[in-house]
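Each chain gets a letter, A, B and so on, in the order its sequence line appears, and its residues count up from 1. Excluded from the calculations below are hydrogen atoms, water molecules and symmetry mates; all remaining heavy atoms, backbone and side chain alike, are included.
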There are 2 protein chains.
Amino acid sequence: MTLQQEIKVAVDAVVFGYESKGNLSVLLIKRGVEPYKNTWALPGGLVLENEALETAVKRELKEETGVTIDYLEQLYTFGKPKRDPRNRVISVSYFGLVRPNHFKIKADTDADEAQWFPVNDLPKLAFDHNTIFQTAEKRLKSKLLYQPIGFDLLSKEFPFSDLEHLYTTILGQDIDRRNFRKKIMSFGFVEATDKIQQVGSGRPAKLFKFNKQKYDALLDDGFYFDIKFV
Amino acid sequence: MTLQQEIKVAVDAVVFGYESKGNLSVLLIKRGVEPYKNTWALPGGLVLENEALETAVKRELKEETGVTIDYLEQLYTFGKPKRDPRNRVISVSYFGLVRPNHFKIKADTDADEAQWFPVNDLPKLAFDHNTIFQTAEKRLKSKLLYQPIGFDLLSKEFPFSDLEHLYTTILGQDIDRRNFRKKIMSFGFVEATDKIQQVGSGRPAKLFKFNKQKYDALLDDGFYFDIKFV
DNA sequence: TTATTTTGTGTACTATGAACACAAATGTAG
DNA sequence: CTACATTTGTGTTCATAGTACACAAAATAA
């Protein structure tokens, strides 16, 4: 009943990065081998014989881009028979976020092969990677509304406006700053520090930080984030 | 850099069924071959050479249990190197729901190998299938609160109390019947029929049905189900 | 005929969401 | 150095949605 399989297993990662003021980007690499040689693609590759899936993603990311990941979760597994023109390859895709300070692409060996692209201006990608990207983008938007993953795209300490801009950028809609701030602060896991930051013109901003311990404690109580009102 | 792979790809399904009055069950099969011969396991098996993943699940379900699925979505991909004691096998798991009238297990060939088990009284399962089950149960609970998947566990026409009991059973908490009914009806995609059903003692109940078209139309407007208050 | 079981319904109170504008602190341009 | 532009920071009112709560109606069972 069970034919001998010749299916290969790959992992691919959709990694988002955010630079202040509305720059949401995705990390891509330019393929050096056929098929799709010289085409942009998501970082990723084949899983090794005795390697866990998540280990494989992290390894590939490090090898291909040098970027350090701050948040990583499994996204979806794509397995259509013809998604790779040559062999049958199923791809377990991952969804990742990086902080601005982990944003820089490594300067050595194949540095010019990896690059950040703004999400609104992506090239045509290899394989079904555009589909994978869209799935990730959808996940990012919906997850932002009920889990505090946005903080993994910001520095450890950030002005409140960074958080606002992150939300408006990703969701593509304006928010009321007073209501947003009131709501976020009501959760109790975002705390003001005593630092103040001045950037360009305008009143200097207090810096805030995300308190993961408090968040985890709330989670145990069946807490639900829920800022879908934004 | 890329060693020759010897990884096999399987699919497994966690299929939930619901019989009236608080009986939530999962579909299991008894394995006929090593490893884990004679141990209960989730239905599933290896993906064929040119077969889509979802096709594979449906095929395995049909072959092993004869049950017709009403709702199916991908759950998670499990890929720890030692999850199968013999070969490296990654499992793409699926999450399924069946209506009561599709509940019966086929009577032919290996019928006695498939069986419904109440979720609160599962045996120890083969491989990491207990983990897979737990992941599915969690998904069922959380999904019930923001997507109307509960209807895929009921008959096409059902008394309102069936819906209530479904929610109390799966979530494991009581609900206020008046508020629940008010909320569900406010969404507009549950409609009363003109049929009335009498079961045992008590006042006979109007039958209701789920209107998928109306639901889909709402979805396009960015509608969010949200009955997490239950 | 009485008790038991299940369905069906409305109102008052509370909490949360939504809408809204102006002063404070700094840099920048004339 | 003064006026203007830019960004941060903050409260109140109104509308909507959630929550708590009890009893009558229609049937069967004893």
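Of the side-chain N and O atoms in A:R181, one or more sit less than 4.0 angstrom from OP1 or OP2 of D:dG9. For the pair A:K183 and C:dT16, the criterion of a side-chain N or O lying under 4.0 Å from OP1 or OP2 is not met.
The local environment of NZ in B:K143 is crowded, with over 12 non-hydrogen atoms from other residues, nucleotides or ligands closer than 6.0 Å.
Taking the ring centroids of B:F189 and B:F225, they lie under the 6.0 Å cut-off.
Looking at the side chain of A:R178, the nearest of the listed nucleotides C:dA18, C:dG8, D:dT10 is D:dT10.
To the nearest angstrom, P of D:dG9 lies 15 Å from CG of A:D176. What separates CG of A:D174 from C1' of C:dC20 is a distance of 15 Å, to the nearest Å. Summarising the geometry, the separation between CZ on A:R177 and C1' on D:dG9 is reported as 7 Å, rounded to the nearest angstrom. The distance from atom CG of B:D226 to atom P of C:dG17 is 11 Å, rounded to the nearest whole Å. Between B:L163 atom CG and C:dG8 atom P the separation is 13 Å, expressed in whole Å. In this structure, the CE atom of A:M185 is 16 Å from the C1' atom of D:dG11, given to the nearest Å. When rounded to the nearest whole Å, the span between CZ of B:F158 and C1' of C:dT6 equals 17 Å. As a whole-Å value, the separation of B:F187 CZ from D:dA17 C1' is 11 Å.
Using cut-offs of 30° and 60° on the angle between ring planes, the pair A:F127 and A:H129 is tilted. Ring geometry for A:W40 against A:F117 counts as perpendicular: the plane angle is over 60°, on a 0 to 90° scale with 30° as the lower cut.
Across all strands, B:S186 comes closer than 4.0 Å to no nucleic acid atom at all (heavy-atom distances).
Panel note: side chain A:Y18, backbone A:L166; a donor-acceptor pair is recorded below 3.5 Å.
For A:R83 and A:F78, the positive end is not near the middle of the six-membered ring at less than 6.0 Å and at most 45° from its axis.
When the nearest nucleotides of DNA chain D are assigned to B:K182 and A:S161 by heavy-atom distance, the more 5′-ward of the two goes with A:S161.
Near DNA chain C, defined here as any heavy-atom distance below 4.0 Å, the residues from residues 194-208 of chain A are A:Q198, A:G200, A:S201, A:G202, A:R203, A:P204, listed numerically.
A salt bridge does not link B:K141 to B:E137: none of the charged side-chain nitrogens sits closer than 4.0 Å to a carboxylate oxygen.
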